[in-house]
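Reading through the structure tokens given below for one structure.
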Amino acid sequence: MDKLTMDKIVNVCKQYGFIFQGSEIYGGLANTWDYGPLGSRLKNNIKDAWRKRFIQENENSYEVDADILMHPTVWKASGHVDSFSDPLIDCKHCKTRHRADKLVEEYDKSINGDSFTEKELVKFIKDNKVPCPKCGKSDFTDIRQFGLMFETHRGVIKDSKDGLVYLRPETAQGEFVNFWNVQRTMRAKVPFGIGQIGKAFRNEITPGNFTFRTIEFEQMEHQLFCKEGTDTKFYKFYKEYAMNFLKDLGLNTDKLRYKDHEKLAHYAKEACDIEYLFPMGWGELWGTHNRTDYDLSRHQEYSGKSMEYTDPDDNSKYIPYVVESSVGCDRMVLAVLCDSYDEEILENGDVREIMRFNPAIAPYKATILPLVKKYHKELAQELKEKLSKSFMCSYDETGSIGKRYRRSDAIGTPFCITIDNDTLDNNTVTIRDRDTMEQVTIKVDEIEDYINNKIKF
Ligand code: ATP
């Protein structure tokens, strides 16, 4: 297959119903995307896999579902009101806007723009005459800090300062502010974790690269509350736990790497990203951070509520440390789509498009195909109805069997079940595997177990 481009993925997603441009019939709203029937199944299956690993199988972990709108003081306590901004720089020549850290990174791929101060960024851009990606000139304004939080107003008096609220820029604060609620109601003992999946909003300067950077996105975050001294052990554990999750989802290990942060945020003791090799280059997919006791200490300071935990074993009192594991759900879906897309030239010269999804996250698990509509339709529909009680199935009766296989492969359905005369006579079906194209014959009442065994995560 030729090198995969982002345009190709965007087109495949649109063609097969994974992701559409937002508000398309109105000409679209830039950098907004709507998940179609297949994309939303894929996304939900990825969320379920995350939930299974980070909540269900993870000892002492609990899920919450906090509101997007939170008390504005939360964002003062978290530091977002004062410092959640990106370094904005304008090209004086063509008037395009850029993130200064990303300009520098683009210019020299070995640099981590995050590790530069504002002054260092300006100096680097001047010294190296870094060109504008749009017009090629190197004539920039000074850097200004651009606040990333979306503001909105509640209540009837618009523009009143009292009604100012923010759309959350991360889900993490929903876990921190519910620390005591979860601890008390679950009778949880430190170390324990709180996770959630939910929407976040950032007024990004340079959204783009399809769903990689958008202004509205979903995060899957897990915060582990632990005692100081055990934090580094848990930090290492969650770094590996995240990587193993990605490998188990089936992502190509050559396209995954760790990248330690050189410059740490003021509250962080250790931080590391997992990057994926997207079609436009390496990009952050997942962050693991040792956030120390910063979050709960700040909420103690701003709310006036004690965040001190008393250890029931030795009566020691302390504010727990937090190890955060944070991944963007949309970036994960994008990584999975890029990683799974494949083209194969068949013996007859046809191109077979395949989404090689791990069966556990494939939107549909099986396509039911009557060999001859006239004779096999009724049984095929009965079977679809029966199997749909266990997993998502689709039904396809139009076109040659070969064409139907191709359609099923292109949307990543791992199994095709064909109903033919043998089904009528012997109660057997053939099941074709998407990747190997091999077929097995099994009894109708064995299908459910056969597929259920193959779609476990
Ligand atoms: P970046 O450096 O790419 O702006 P970040 O370091 O600000 O990301 P975090 O605040 O650590 O990101 O957010 C955790 C995760 O949320 C990221 O690893 C990424 O997967 C996802 N994410 C962050 N910003 C966006 C966005 N604008 N669009 C889509 N996903 C995002």
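Numbering of ligands and ligand atoms starts at 1, following listing order.
Counting protein heavy atoms only, atom 29 (C) of ligand 1 is closest to F212 O, 3.2 Å. The closest protein non-hydrogen atom to atom 28 (N) of ligand 1 is T214 N, 3.1 Å.
When side chains are defined from C-beta on, F278 does not count as touching N209, because their heavy atoms never get closer than 4.5 Å. Side chains of M392 and P363 form no contact here, defined as non-hydrogen atoms less than 4.5 Å apart.
Within the listing of ligand 1, atoms 13 (O), 14 (C), 15 (C), 16 (O) sit less than 4.0 angstrom from a heavy atom of Q219. Here is the list of ligand 1 atoms found below 4.0 Å of a heavy atom in E204: 24 (N), 26 (C), 27 (N).
Here the closest heavy-atom approach between residue M332 and residue F245 is recorded as CE-CE2, 3.3 Å.
In this structure, E57 places its CD atom where more than 12 heavy-atom neighbours from other residues, nucleotides or ligands lie under 6.0 Å away. Residue K126 qualifies as open at atom NZ: its count of foreign heavy atoms under 6.0 Å is 12 or below. With a 6.0 Å radius and a threshold of 12 heavy atoms from other residues, nucleotides or ligands, D2 has its CG atom at or below the threshold.
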### Query
Step by step, would you call H299 with Q173 a side-chain hydrogen bond (donor to acceptor under 3.5 Å, both in side chains)?
CA-CA 10 Å; H299 284 304; Q173 299 303 323; 2.7 Å; yes

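Here the shortest heavy-atom distance to atom 11 (O) of ligand 1, taken over E284, R331, M332, belongs to E284. Between atom 9 (P) of ligand 1 and the options E170, R213, E324, R202, the minimum heavy-atom separation is to R202. Compare F84, Y276, F201, F217 by their heavy atoms: the one nearest to atom 26 (C) of ligand 1 is in F217. Among C329, S326, A265, the residue whose heavy atom lies closest to atom 14 (C) of ligand 1 is S326.
L285 counts as a contact of ligand 1, since one of its heavy atoms falls under 4.0 Å from the ligand. Using 4.0 Å as the threshold, M220 has no heavy atom nearer than that to any atom of ligand 1.
With a 4.0 Å cut-off on non-hydrogen atoms, R99 touches ligand 1 through its side chain and not its backbone.
A donor-acceptor pair shorter than 3.5 Å cannot be found between the side chains of T214 and W33.
Backbone and side-chain nitrogen or oxygen atoms of G328 are examined, and one is located within less than 3.5 angstrom of a nitrogen or oxygen of ligand 1. Ligand 1 has no N or O atom lying under 3.5 Å from any N or O atom of E221, backbone or side chain. Geometrically, ligand 1 and T211 share no nitrogen or oxygen pair separated by less than 3.5 Å.
Remark: of the listed residues E324, K236, E270, E270 is the sole one forming a side chain to side chain donor-acceptor pair (under 3.5 Å) with N290.
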